[in-house]
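Quick notes on the structure that follows.
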Amino acid sequence: MSNSFHLPESFLWGASTAAHQIEGMNVNSDFWAHEHNELLAGRFKDKSGDACDSYHRWPEDMDLLAGFGFTDYRFSIEWARIEPAPGEFSNAEIAHYRAMVEGAIERGLRPMLTLNHFTLPRWFDEQGGWLSDDAVEIFGRFIEAAAPIFASGVERICTINEPNMVARFATLRKMLTGAGNEVVASDHGYDGSATQALIKAHKKAVDVLKRIAPHIQTGWSVAIQNQHVVEGGEVVAAEIAERARDVFVRASAGDDWTGVQSYARVFIGPEGELPVPEGAQKTLTGWEYYPPALGEALRTVWALVPGTPIIVTENGIAESDDARRIAYTSGALDGLRTALADGIDVRGYYHWSALDNYEWGSYIPTFGLIAVDRETFVRTPKPSAAWLGAAGSDRSLQLATESAS
Ligand code: BGC
């Protein structure tokens, strides 16, 4: 096979971001509260602060992405800004996100909106978040109120980002508050009620969207852990796969698309997850450098929901050496083109991330195609941005040779 990746017709080609990680001053969100909670001091190396100031600088970010050649942009709307108090909606914030949608379209970037990328309004978190009795209704009400943002021009919506990670956090929170004694070791940290609450919230979101904006293709994006099972770990691996991944992927059967987010792999032994093997190459997050993760993730998901179109909504690497980012991404895309050649229905690829951003507690792991000065917010594109983005206009990409197969 040559080392070119030819994009199938109408293949989506973009970069991804999330509001809390780039906007700055997201003061009404639960994560901001956690960053400033003295009881949690020490868990956060950095506070998000101004982040990339993209709340104000989004036109520049979009200019850059469109300039590289990307045709798509996935970003999230911030619930904590739109609904700062229960049932109280900000028309100004709705207008802000509507302007972003229109700004993207004007620049030739098709927007994919994420309705919830981890962060919650502080008041919703305080009442129990996804585990509160009326969580599903509250989420539905938020989507109805936000409807002007996606009234036209938005073809795709991701309801909830990585519900499997969210369920894990919700379970941990329940355990920390002493209400989760029923979570036992064999649950592997996943309380079924959090899982079910998130699945219900997703179904509700899809129902609301099909009613108020039937033209929009809906789905959700699951973090896909590729398991490499060490002898004796088979039973535990199957239990973890079911609770931490598969139940969430299967919940997307029948959606317009299902989102795959893939970065690395995990080793599982008889006692559960094992550390990254000694001597393995690592990235700035401490994860293993493992480009084949994406191809493996696509096969896992296709086997779970055969026939449901897949969109890669996140894939990338925390790395300071940009040549290594190009090598990693080439390896990942090599897996994607092989999956396509084998008949797996992949409709698009969004790289994580557009910018070096706030990595949930630290600014050290740099996933961005564009560097951001932490004091001046000046953007400096890395070579990977032009390399990857150009495929959007050229419809073809030269992969770094080490990954050519
Ligand atoms: C999340 C992003 C995060 C990225 C890298 C995904 O889990 O959706 O918010 O920054 O992975 O850790």
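Atoms within a ligand are numbered from 1 in the order they appear, just like the ligands themselves. Residue numbers run from 1 in the order of the sequence given.
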The answer for which part of N161 has a heavy atom under 4.0 Å from ligand 1 is side chain

For Q261, the ligand 1 atoms with a heavy-atom partner under 4.0 Å come out as 8 (O)

Point to revise | Y290 ring center near H228 ring center (under 6.0 Å) | key: yes

Q. Does the separation of the ring centres of F118 and F31 fall below 6.0 angstrom?
A. no

heavy-atom search around atom 1 (C) of ligand 1 in the protein gives E314 OE1, 3.4 Å

Check whether any side-chain heavy atom of T313 sits under 4.5 Å from a side-chain heavy atom of V260, and report yes or no.
no

Any heavy atom of M165 under 4.0 Å from ligand 1? The part involved is neither

**Prompt:** Can you tell me if R395 uses its side chain to pair, donor with acceptor, with the backbone of G392 under 3.5 Å?
**Reply:** yes

In ligand 1, the atoms that come under 4.0 Å of a heavy atom of H117 are 1 (C), 2 (C), 8 (O), 9 (O)

#### Entry: Within the 6.0 Å centroid threshold, strictly below: Y358 and F44
no

Closest to atom 10 (O) of ligand 1 among protein heavy atoms sits E359 OE1, 2.6 Å

### Task
May I ask you to check whether T285 and Y263 show a side-chain donor-acceptor distance below 3.5 Å?
no

Do W287 and ligand 1 have an N or O pair less than 3.5 Å apart?
-> no

Could you check whether atom CZ of R211 has more than 12 heavy atoms from other residues, nucleotides or ligands sitting under 6.0 Å from it?
yes

closest protein heavy atom to atom 7 (O) of ligand 1 is E162 OE1, 2.6 Å

of all protein heavy atoms, closest to atom 4 (C) of ligand 1 is Y263 OH, 3.5 Å

